Amino acid sequence: MNDDPTDARSNRNLALELVRTTEYAALAAARWTGRGEKESADGAAVDAMRLMLDQVRMDGVVVIGEGEKDEAPMLFNGEHVGDGSEPEFDVAVDPLEGTDLCAKGMPNALAVIALSGRGTMFDPGPVFYMEKMAASKRFVHLLDLDRPLGETVELIAKEKGTPVGDVMVIMLDRPRHEEAVKTIREAGARIRFIPHGDVSASLIAVTEGTPVDLMWGIGGTPEGVLSAAAIKCIGGKIIGRLWPSDDVERQAALDGGYDLEEILDTDRLVSGEEAFFSATGVTDGDTLAGVHFEGPEGATTESLVMRSRSGTVRRVHARHDRAKLREITGAKIG
């Protein structure tokens, strides 16, 4: 593994190269926004991201792939990406986070990718879901999956110096969250429900100055790892615990040697010192503007590009000539 911070190749800011992969995935997926065909949107994003990934100077292996839960097209776990040259990286991808959001023209669909040194990304194995919690630097010392949620929101209010009614929790709108919803509301805090989009929810929760104080919920383990890569760069913290959805999954996890009681923090989910993260908006959202088509051949994108070693977070606005992109990609982006 080439993870030596003094090495010239590993010192490249690969996030600036990765942004092309998320931009192109977003441009490809955006053609399907609001058309009710999530598989087509996901497939277009996957094809575009794979095409651009193969041009990145790295030896990458996909540890966190996408699409396995709903048999969508995927960049599959174990797939080699990049041009095969050093440095070596683990890769986490979600070419279209929020396939339903894109298909329905709803906010917060993203194209996302993250890298860290080979062998440093947590592989969740057979467990598709985890209970997780994320917050900004101000509240990281209050994150605790074993403490009742009502107490946690009360502690956040105390830290803020405000009534509990000023605390906002963001979570997926799912039946499995019914008891947690009741607990939070009984404490007096507010809830912002989202239909999909764990990564964007984590980004909102850890970013200073947003209306959201805490992200909590049982959501995808791949999104947990992607969020951890971003949080290593932007600051804040995420913690999680594997949440098998049935007895078969639980037994498979135990047979695989997973500790289902272990609290997985940011550095356990992505343990390397160096991580890169890029996300590009597909539809307009809280974190990023979506793809906007301008005239017959123009388009604009907005991306977040991050690197953990420097702590640099860039917001990249780009204008694209789709005719020229079609020449490069063989009409995969249009």
Side-chain angles (χ1 to χ4, degrees), residues 1-23 53 56-64 81-82 86-94 97 110-124 130 132-141 143 198-210 215 221-240 263-280 287-288 303-316:
M1 181 180 72
N2 189 351
D3 197 29
D4 180 358
T6 65
D7 185 88
R9 293 297 297 276
S10 65
N11 198 39
R12 287 167 33 227
N13 190 347
L14 274 164
L16 296 177
E17 300 177 44
L18 292 179
V19 71
R20 295 172 65 226
T21 72
T22 55
E23 285 175 345
L53 267 177
V56 177
R57 289 184 297 126
M58 67 171 182
D59 180 2
V61 174
V62 177
V63 174
I64 302 295
V81 294
E86 291 189 344
E88 298 178 336
F89 284 104
D90 286 348
V91 182
V93 297
D94 197 342
E97 192 212 16
L110 302 174
V112 186
I113 189 169
L115 304 181
S116 66
R118 182 68 53 81
T120 61
M121 277 188 183
F122 179 77
D123 183 351
M130 66 190 305
K132 47 196 167 181
M133 181 181 282
S136 66
K137 295 175 184 178
R138 185 177 181 183
F139 306 124
V140 294
H141 62 291
L143 299 183
D198 270 20
V199 176
S200 60
S202 295
L203 289 172
I204 294 167
V206 302
T207 301
E208 302 282 353
T210 72
M215 186 278 288
T221 47
E223 289 83 356
V225 176
L226 280 161
S227 296
I231 291 168
K232 284 185 79 78
C233 303
I234 202 172
K237 186 176 183 179
I238 186 170
I239 60 173
I263 301 299
L264 307 163
D265 66 8
T266 309
D267 291 328
R268 178 72 169 92
L269 293 168
V270 179
S271 61
E273 292 299 317
E274 182 72 291
F276 302 96
F277 178 90
S278 178
T280 301
T287 307
L288 291 165
S303 305
L304 277 178
V305 185
M306 312 181 196
R307 185 184 190 185
S308 64
R309 183 186 299 171
S310 63
T312 302
V313 179
R314 291 179 171 90
R315 191 172 291 270
V316 177

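Here the structure is a predicted model, which means the values were calculated and not measured.
Annotation for Leu115 and Met58: closest pair CD1-SD, 3.7 Å, computed over non-hydrogen atoms. Annotation for Pro222 and Ile64: closest pair CB-CG2, 3.3 Å, computed over non-hydrogen atoms. Nearest approach of Ala279 to Leu288, heavy atoms of both residues: O-CD1, 3.4 Å. Here the shortest heavy-atom pairing between Met130 and Gly224 reads SD-CA, 4.1 Å. Of all heavy-atom pairs between Glu97 and Glu223, the closest is OE2-CG, 4.0 Å. Counting all heavy atoms, side chain and backbone alike, Ala134 lies closest to Ile231 at CB-CD1, 4.4 Å.
Under the side-chain hydrogen bond (donor to acceptor under 3.5 Å, both in side chains) criterion, Arg314 pairs with no residue, sequence neighbours left out. Qualifying salt bridge (charged side-chain N to carboxylate O under 4.0 Å, His left out) partners for Arg315, counting only residues two or more places apart in sequence or in other chains: Glu302. The side-chain hydrogen bond (donor to acceptor under 3.5 Å, both in side chains) test applied to Asp90 returns no partner, not counting sequence neighbours. With sequence neighbours excluded, the residues forming a side-chain hydrogen bond (donor to acceptor under 3.5 Å, both in side chains) with Asp267 are Lys232, listed by chain and number. Scored by the side-chain hydrogen bond (donor to acceptor under 3.5 Å, both in side chains) test, Ser202 finds Ser227 as partners (sequence neighbours excluded). Remark: Thr207 pairs with Thr210, Ile234 by the side-chain contact (heavy atoms from CB on, under 4.5 Å) rule, at least two apart or across chains. With sequence neighbours excluded, the residues that form a side-chain contact (heavy atoms from CB on, under 4.5 Å) with Ala228 are Ile238, Thr266, Leu269, Val270.
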Please walk me through it: do Glu273 and Ser308 pass side chain to side chain contact (heavy atoms under 4.5 Å, CB included)? CA-CA 7 Å; Glu273 292 299 317; Ser308 64; over 6 Å; no
Under the side chain to side chain contact (heavy atoms under 4.5 Å, CB included) criterion, do Val61 and Arg118 qualify, and how do the steps go? CA-CA 8 Å; Val61 174; Arg118 182 68 53 81; 3.7 Å; yes
With side chain to side chain contact (heavy atoms under 4.5 Å, CB included) as the criterion, how do Val56 and Val81 come out once you've worked through the C-alpha distance, each side chain's angles and the decisive distance to 0.1 Å? CA-CA 8 Å; Val56 177; Val81 294; over 6 Å; no
Would you check, one step at a time, whether the test side chain to side chain contact (heavy atoms under 4.5 Å, CB included) holds for Val305 with Leu18? CA-CA 8 Å; Val305 185; Leu18 292 179; over 6 Å; no
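At a threshold of 4.5 Å between non-hydrogen side-chain atoms, the residues Asp94 and Val199 do not count as touching.
Here Phe276 contributes atom CZ and Ile113 contributes atom CD1; the two are 12.0 Å apart, rounded to the nearest 0.5 Å.
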